[in-house]
Amino acid sequence: MPQGVFAITEQRDGVFRKISFEVVSEGRRLADGLGAELCAVVVGSGIEGIAGELEKYGPDKILVADDPALADYTTSAYTNVIADLIQSADPAVVVLGASAQGKDLSARLAARLDAGLAMDCTAVKLDDGKLTCTRPMFGGKIFADVEFDSAIQIVAIRPNVMDIAESSKDCAIEKPAVQVGDIKTTVVEKNMDTGDKIELTEADIVVSGGRGTAGDFAAVEQLAEAFGGAVGASRSAVDEGWRPHSDQVGQTGKVVSPVLYVACGISGAIQHLAGMSTSKFIVAINKDPEAPIFSKADLGIVGDMFDVVPAVTEEVKKVKS
């Protein structure tokens, strides 16, 4: 009978993504509720040295799948390796992030293992050993409670939603033999953002601009810098070529759940709301008092963003100085 919890972490170039700590922390909570062990899984090449960073989040065991063929994420290689580890350990619950990589991987694992999958979960409840996952549907218009009818339950959690909790305990680190298997894809080239740019999906504060910027994102960038946050954009701003697609927040862009989301000159189309509605606190700045974004905002400011945003930036700088 399946038992135990697997937490699948995510790293890039030997550095853990923030979602990894959220996954292990949530895995620890579920394992405690089930009275079971938590096993964290690290996959990559030359990553044995970073495994110890997970110890303070409470895993009972850490499995390190280290192989040169796993240096870059490819669906086939990662699915083959992680599916083998899951089949060997036979856990009841598998937790991973609903990042771009996690969404791809979780769907493949569910198909390979004939497992139930709850995607993009914003809450996970455990009642008498049974999981109930809450996830948004129809562009965030409703939240559905999903239950499993499978031996293995795969839960993909939305980044920046679950709390990171330290729970240090004795932990064993193991390096099992890796069978990469048949790899159907090859990474030919990587083009990465350079500099100190904050990853949009991991930022605690996101300042986004829309059509109301008219292509001038200077005020948005200055406010984001003052906050120490990331810059986002609506689809209309990206379609106009004002920002790269990597900055797009929304149904066809990135889903973000920061502590603070500031929408500047964004009307609030349902596609955009689907990408940021789970933010903990939303501030909207728009000169149209009827803009739909105000229906989701905790604080709304009706005014020209080119007057309001610089004034807010100056106040933020005063508070932080």
Side-chain angles (χ1 to χ4, degrees), residues 2 5-12 17-20 22-24 26-27 30 39-44 63 65 69-70 72-124 131-140 142-162 178-187 201-202 245-246 248 250-257 271 274-275 278:
V5 178
F6 252 42
I8 310 300
T9 65
E10 193 172 318
Q11 57 82 28
R12 181 182 294 166
R17 307 292 302 277
K18 183 182 177 184
I19 185 62
S20 297
E22 296 167 16
V23 163
V24 178
E26 186 65 12
L30 294 176
C39 178
V41 179
V42 187
V43 183
L63 296 181
L70 302 171
D72 295 306
Y73 175 78
T74 58
T75 304
S76 299
Y78 274 54
T79 300
N80 292 342
V81 169
I82 295 174
D84 285 346
L85 294 176
I86 292 173
Q87 288 172 326
S88 296
D90 198 22
V93 180
V94 177
V95 186
L96 70 169
S99 59
Q101 176 178 313
K103 288 178 178 179
D104 179 66
L105 178 61
S106 60
R108 288 298 185 103
L109 289 173
R112 177 75 60 86
L113 302 169
D114 193 25
L117 168 61
M119 182 68 78
D120 202 24
C121 300
T122 55
V124 183
L131 292 183
T132 301
C133 299
T134 301
R135 60 182 300 270
M137 297 178 66
F138 303 111
I142 65 169
F143 284 81
D145 287 337
V146 179
E147 294 182 351
F148 295 89
D149 185 19
S150 58
I152 299 176
Q153 305 164 87
I154 301 179
V155 181
I157 61 174
R158 177 174 287 193
N160 239 16
V161 170
M162 305 301 182
V178 173
Q179 298 295 329
V180 176
D182 184 23
I183 303 176
K184 301 182 184 299
T185 55
T186 302
V187 177
T201 58
E202 298 182 354
H245 185 265
S246 59
Q248 184 176 324
Q251 199 165 33
T252 54
K254 293 179 177 177
V255 176
V256 299
S257 297
Q271 292 86 353
T278 54

Inset, instruction - For side chain to side chain contact (heavy atoms under 4.5 Å, CB included), just list the numbers for T201 and R17, CA-CA rounded to whole Å, side-chain angles, deciding distance to a tenth of an Å, and then say yes or no. - result: CA-CA 10 Å; T201 58; R17 307 292 302 277; 4.2 Å; yes

Legend entry - Approximate separation, where rounding is to 0.5 Å, of T278 OG1 and R158 CZ: 4.0 Å

Inset, instruction - Sorted by first residue and then second, give each ring pair (Phe, Tyr, Trp, His ring centres under 6.0 Å) pair with at least one member in residues 82-119; sequence neighbours left out. - result: none

Legend entry - Polar side-chain atom of Q11 near backbone of V43 as donor-acceptor pair, under 3.5 Å: yes

Legend entry - From CD1 (I82) to CD1 (I8), nearest 0.5 Å: 5.0 Å

Inset, instruction - Work out which heavy atom in L131 is nearest to a heavy atom in Q153; give both atom names and the distance. - result: CB-OE1, 3.7 Å

Legend entry - Where G44 and Y78 come nearest, the two heavy atoms and their spacing: CA-OH, 3.9 Å

Inset, instruction - Identify the heavy atoms of V155 and C121 that sit nearest to each other, and give their distance. - result: CG1-SG, 3.9 Å

Legend entry - All side chain to side chain contact (heavy atoms under 4.5 Å, CB included) counterparts of A274, not counting sequence neighbours: Q251

Legend entry - Pairwise side-chain contact, E147 with D149, heavy-atom cut-off 4.5 Å (strictly under): no

Inset, instruction - Output the distance between atom CD1 (I154) and atom CZ (F148), rounded to the nearest 0.5 Å. - result: 8.0 Å

Inset, instruction - Quick one: closest heavy-atom pair of Q179 and D84, and the distance? - result: O-OD2, 3.8 Å

Legend entry - Q101 side chain near L96 side chain, heavy-atom distance below 4.5 Å: no

Inset, instruction - Could you tell me which non-hydrogen atom of A69 sits nearest to which non-hydrogen atom of A77, and how far apart they are? - result: O-CB, 4.4 Å

Inset, instruction - Please say whether more than 12 non-hydrogen atoms of neighbouring residues, nucleotides or ligands are located less than 6.0 Å from CZ in R112. - result: yes

Legend entry - Gap between atom OG of S99 and atom NZ of K18 - 0.5 Å precision: 13.5 Å

Legend entry - Sub-4.5 Å side-chain heavy-atom contact between V5 and P91: no

Inset, instruction - Kindly indicate whether the side chain of T74, heavy atoms from C-beta on, has any atom under 4.5 Å from the side chain of V187. - result: yes

Legend entry - From OG1 (T79) to CG (D104), nearest 0.5 Å: 7.0 Å

Legend entry - Verdict with supporting geometry, I19 and I157, side chain to side chain contact (heavy atoms under 4.5 Å, CB included): CA-CA 9 Å; I19 185 62; I157 61 174; 4.1 Å; yes

Legend entry - Check: M119 and V146 side chains under 4.5 Å, non-hydrogen atoms: no

Legend entry - Nearest heavy-atom neighbours spanning E22 and V161: OE1-N, 4.0 Å

Inset, instruction - Give a yes or no on whether the backbone of D182 and the side-chain of N80 come within a donor-acceptor separation of less than 3.5 Å. - result: yes

Legend entry - Spacing of I86 atom CD1 and L109 atom CG [to the nearest 0.5 Å]: 5.0 Å

Legend entry - Flag side-chain contact, heavy atom, 4.5 Å: V24 against T9: yes

